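These notes concern the structure reproduced below.
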Amino acid sequence: MNDLARAWDEAAAGYEAYFVPRFAPWVRTAADALAPLPDGPILVPCCGTLPELDALTELFPGREITGIDLSAGMVRRARARAAGNSLVTAVEGDAATLDPRWTGRCAAVVSVFGLQQLPEPDVALAAWAAALRPGGRLSVVYWPGVIETEGPFAVMREALRPHVSPSDRSWEDRLVPALSEVELERDEFVIHPMTHPDAETVFEAYTRSGPLRPLVTARGEQFVRELREEFLRLAPAGAWTHRPGARLLVARR
């Protein structure tokens with residue numbers, strides 16, 4: 001099994017419980033940005049547990065919706081969320097390289113917080129845009145290189161600095177060029193407040209059920225102990241509210 005897929009399999013339950021409710025405002029922002037749509041199915045690459053489902057079925061009733069995710073554990077939870085709705089399918093697969101059957105077929109492609117995890121996000125974004133039929137719309141939300149200057153994301157970035165080399169974020173500059181075949185309608189940062197009970201809670205969620213799960217799986221518990229000590233040293237006491245910003249890209253064919 002792919003190591004990344006395994007890590008997200010292990011994180012699926014915690015991700016659903018902790019992060020899905022906190023990410024819900026961005027999910028709603030992404031779904032609202034899709035209207036109006038032509039006829040056709042909606043594709044959700046990097047669907048995770050498919051938290052987009054409620055908003056999509058409310059806004060676009062009667063649509064065929066397909067979620068794709070590399071993690072079998074995430075897909076199982078997506079299928080459970082969609083149970084009883086015969087129009088919704090969740091499949092295990094590589095969302096970065098879509099099956100050619102999707103090309104030119106979709107009324108919409110929507111993805112929230114999956115793009116930045118892919119090996120070549122700009123290439124994936126171009127593939128997602130190619131799946132749109134005429135009039136179809138793309139709505140993608142992802143975490144940029146700098147999410148906030150203070151708050152848990154910023155503190156974790158500082159705590160990681162001695163342990164992890166900076167990642168290559170040059171792909172962010174290639175995202176807009178990757179959409180050259182469609183019309184870019186919106187490119188903006190969307191900020192929503194997020195609250196955590198305390199620093200220890202957010203650390204556990206971040207490392208066990210969030211974006212650091214693959215790194216923790218690779219590095220082991222000694223790494224986690226050292227990282228926790230530094231993170232808690234930098235973090236404030238008590239409940240922690242912050243305002244992270246994600247980038248929203250909306251395009252139309």
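As the structure is a computational prediction, the values presented were derived from the model and not from experiment.
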Exercise. If you take all heavy atoms of Ala107 and Arg63, which pair is closest and at what distance?
Worked result: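 Scanning both residues completely, I find the closest heavy atoms to be CB-NH1, 3.4 Å.
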With a 4.5 Å cut-off on side-chain heavy atoms, are [Y] and [X] touching?
X	Y	answer
Arg28	Leu59	yes
Asp69	Trp8	no
Pro244	Trp143	yes

Inspect the contact between [Y] and [X] and indicate whether a charged nitrogen and a carboxylate oxygen are less than 4.0 angstrom apart.
X	Y	answer
Arg228	Glu204	yes
Arg208	Glu221	yes
Arg174	Glu120	no
Glu226	Arg219	no

Problem set entry | Residues forming a ring-ring contact (aromatic ring centres under 6.0 Å, His included) with Tyr206, sequence neighbours excluded | Phe153
Exercise. Who are the ring-ring contact (aromatic ring centres under 6.0 Å, His included) partners of Phe189, not counting sequence neighbours?
Worked result: none
From [X] [atom1] over to [Y] [atom2], what is the distance, rounded to the nearest 0.5 angstrom?
X	Y	atom1	atom2	value
Ser71	Arg6	OG	CZ	11.0 Å
Arg105	Leu132	CZ	CG	13.0 Å
Leu115	Arg247	CG	CZ	9.5 Å

Kindly list each side-chain donor-acceptor pair under 3.5 angstrom involving residues 190-197, sequence neighbours excluded, with atom names and distances?
| residue | atom | partner | partner atom | Å |
| --- | --- | --- | --- | --- |
| His192 | NE2 | Thr29 | OG1 | 3.2 |
| Thr195 | OG1 | Thr241 | OG1 | 2.8 |
| His196 | ND1 | Tyr18 | OH | 2.7 |
| His196 | NE2 | His242 | NE2 | 2.9 |

Mind jotting down which residue pairs meet the ring-ring contact (aromatic ring centres under 6.0 Å, His included) criterion with at least one end in [range]? Sequence neighbours excluded, please.
range	value
residues 210-233	His163-Phe223, Phe203-Phe231, Phe231-Trp240
residues 75-101	none
residues 66-102	none
residues 115-142	Tyr142-Trp171

Show me the side-chain donor-acceptor pairs of residues 37-55 shorter than 3.5 Å, one per line, residues at least two apart or across chains.
| residue | atom | partner | partner atom | Å |
| --- | --- | --- | --- | --- |
| Thr49 | OG1 | Glu16 | OE1 | 2.5 |
| Thr49 | OG1 | Arg81 | NH1 | 3.2 |

Exercise. Given Asp198 and Thr201, is the side chain to side chain donor-acceptor pair (under 3.5 Å) satisfied, shown in steps?
Worked result: CA-CA 5 Å; Asp198 51 48; Thr201 301; 2.7 Å; yes
Go through the structure and list residues passing side chain to side chain donor-acceptor pair (under 3.5 Å) with [X], not counting sequence neighbours.
X	value
Asp99	none
Glu185	Arg137, Arg252
Arg101	none

Do you reckon [X] sits in the same ILVMFWY cluster as [Y], going by side-chain contacts under 4.5 Å, direct or chained?
X	Y	result
Val182	Leu138	yes
Leu56	Val140	no
Leu212	Val146	no

For residues 86-94, which side-chain N or O atoms pair as donor and acceptor with protein atoms under 3.5 Å away, sequence neighbours left out?
| residue | atom | partner | partner atom | Å |
| --- | --- | --- | --- | --- |
| Asp94 | OD1 | Ala96 | N | 2.9 |

